[in-house]
Amino acid sequence: MASEELAQKLQRRLQLEESEEAAKDEEAAAKGEEAAGEEAERSCLTASADAELSAKLCRRQDINEGAAQPRRAAVFNPYTEFKEFSRRQIKDMERMFRLYDSGRDGYIDLMELKLMMEKLGAPQTHLGLKNMIKEVDEDFDGKLSFREFLLIFHKAAAGELEEDSGLLTLAKLSEIDVSIEGVKGAKNFFEAKVQALSSASKFEAEIKAEKDERKREEEERKHRRAAFRELKSAFTQ
């Protein structure tokens with residue numbers, strides 16, 4: 001009887017030990033799976049970082065080799081970037097741009113360009129309008145920023161537009177262009193302007209001219225008011 005009870009105790013002891021060993025094995029397996037998951041995640045992140053770095057290095061190499069254009073900042077200075085145009089010309093271009101930017105979002109979209117060409121008396125087809133935008137659309141957003149709008153006149157002045165280009169038609173019909181010389185002579189016109197004013201004194205001279213013009217207009221207004229007062233006093237005497 002005693003030996004039978006001892007055998008049962010030993011049996012239970014063995015079962016407990018086997019359960020503990022199984023639990024340890026399961027815990028070790030779970031830890032192994034967790035470690036493998038962490039290692040896989042680290043490998044994935046490393047691969048992603050390597051891919052991003054590789055893409056940046058490839059783009060930098062393309063830019064250095066001239067195969068890609070560097071991304072431009074959202075804000076630019078038209079007076080320093082488009083030095084072939086005078087301060088007054090750029091202001092005229094800006095006024096024209098704002099006139100047709102009916103959405104007031106800083107862009108001329110397809111429909112606004114359509115209206116613009118109609119107002120200029122040179123309506124374009126839908127495909128023609130898309131091609132016009134595509135010709136200067138550096139950021140591929142399907143609309144014209146002010147910088148891209150300036151590029152139209154830059155390309156026209158440099159003779160970089162085809163004769164049948166809608167952009168050349170826009171430049172021809174625009175009041176910004178030189179009506180006497182025409183677009184073909186625009187390049188020589190702008191070159192003459194650049195030679196006439198040195199880059200150092202160009203803007204100072206234009207700002208002074210603007211101030212002088214405002215002063216002259218104010219003097220004219222004073223003379224008109226004085227003349228009106230004299231006329232009024234002559235009738236009241």
Where do Leu170 and Met116 land on the side chain to side chain contact (heavy atoms under 4.5 Å, CB included) test, with the steps shown first? CA-CA 9 Å; Leu170 187 157; Met116 181 179 185; 3.9 Å; yes
Arg104 side chain to Arg98 backbone, donor-acceptor under 3.5 Å: yes
Test your reading of the model: is there a side-chain donor-acceptor pair from Glu84 to the backbone of His154, 3.5 Å cut-off? no
Does a salt bridge link Arg95 with Asp92, judged by any charged N lying under 4.0 Å from a carboxylate O? yes
With clusters defined by side-chain heavy atoms of hydrophobic residues (ILVMFWY) lying less than 4.5 Å apart, directly or transitively, does Phe97 cluster with Met111? no
Do Met96 and Leu115 land in one hydrophobic cluster if side-chain heavy atoms of ILVMFWY residues count as linked below 4.5 Å? no
Is it the case that more than 12 heavy atoms not belonging to Glu219 sit under 6.0 Å from its CD atom? yes
Which distance, rounded to the nearest 0.5 Å, do you find between the [atom1] of [X] and the [atom2] of [Y]?
X	Y	atom1	atom2	value
Lys134	Leu127	NZ	CG	9.5 Å
Ile90	Phe85	CD1	CZ	7.5 Å
Tyr100	Leu120	OH	CG	5.0 Å
Asp109	Lys114	CG	NZ	12.0 Å
Lys119	Leu173	NZ	CG	14.5 Å

Side chain to side chain contact (heavy atoms under 4.5 Å, CB included) between Glu112 and Asp101: does it pass, once the steps are laid out? CA-CA 7 Å; Glu112 290 167 341; Asp101 177 20; 3.9 Å; yes
Shortest non-hydrogen contact between [X] and [Y], atoms and distance:
X	Y	value
Phe149	Phe153	O-CD1, 3.4 Å
Gly166	Gln124	CA-OE1, 4.3 Å
Gly142	Asp137	N-OD2, 2.8 Å

For [X], check salt bridge (Lys or Arg N to Asp or Glu O under 4.0 Å) against everything at least two apart and list the hits.
X	value
Glu160	Lys155
Lys143	none
Arg216	Glu220
Glu218	Arg221, Arg225

So do the side chains of [X] and [Y] get within less than 4.5 Å of each other, counting heavy atoms only?
X	Y	value
Ile152	Met132	no
Asp139	Glu148	yes
Lys91	Tyr79	yes

May I have the step-by-step check of side chain to side chain contact (heavy atoms under 4.5 Å, CB included) for Phe82 and Leu151, ending in yes or no? CA-CA 9 Å; Phe82 294 90; Leu151 278 177; 4.0 Å; yes
Sorted by first residue and then second, give each ring-ring contact (aromatic ring centres under 6.0 Å, His included) pair with at least one member in residues 107-144; sequence neighbours left out. none
Leu150 and Arg147: side chain to side chain contact (heavy atoms under 4.5 Å, CB included), yes or no, with the steps? CA-CA 5 Å; Leu150 290 176; Arg147 183 184 182 280; 5.6 Å; no
By side chain to side chain contact (heavy atoms under 4.5 Å, CB included), Glu135 pairs with (sequence neighbours left out) Leu161, Ser165, Leu167
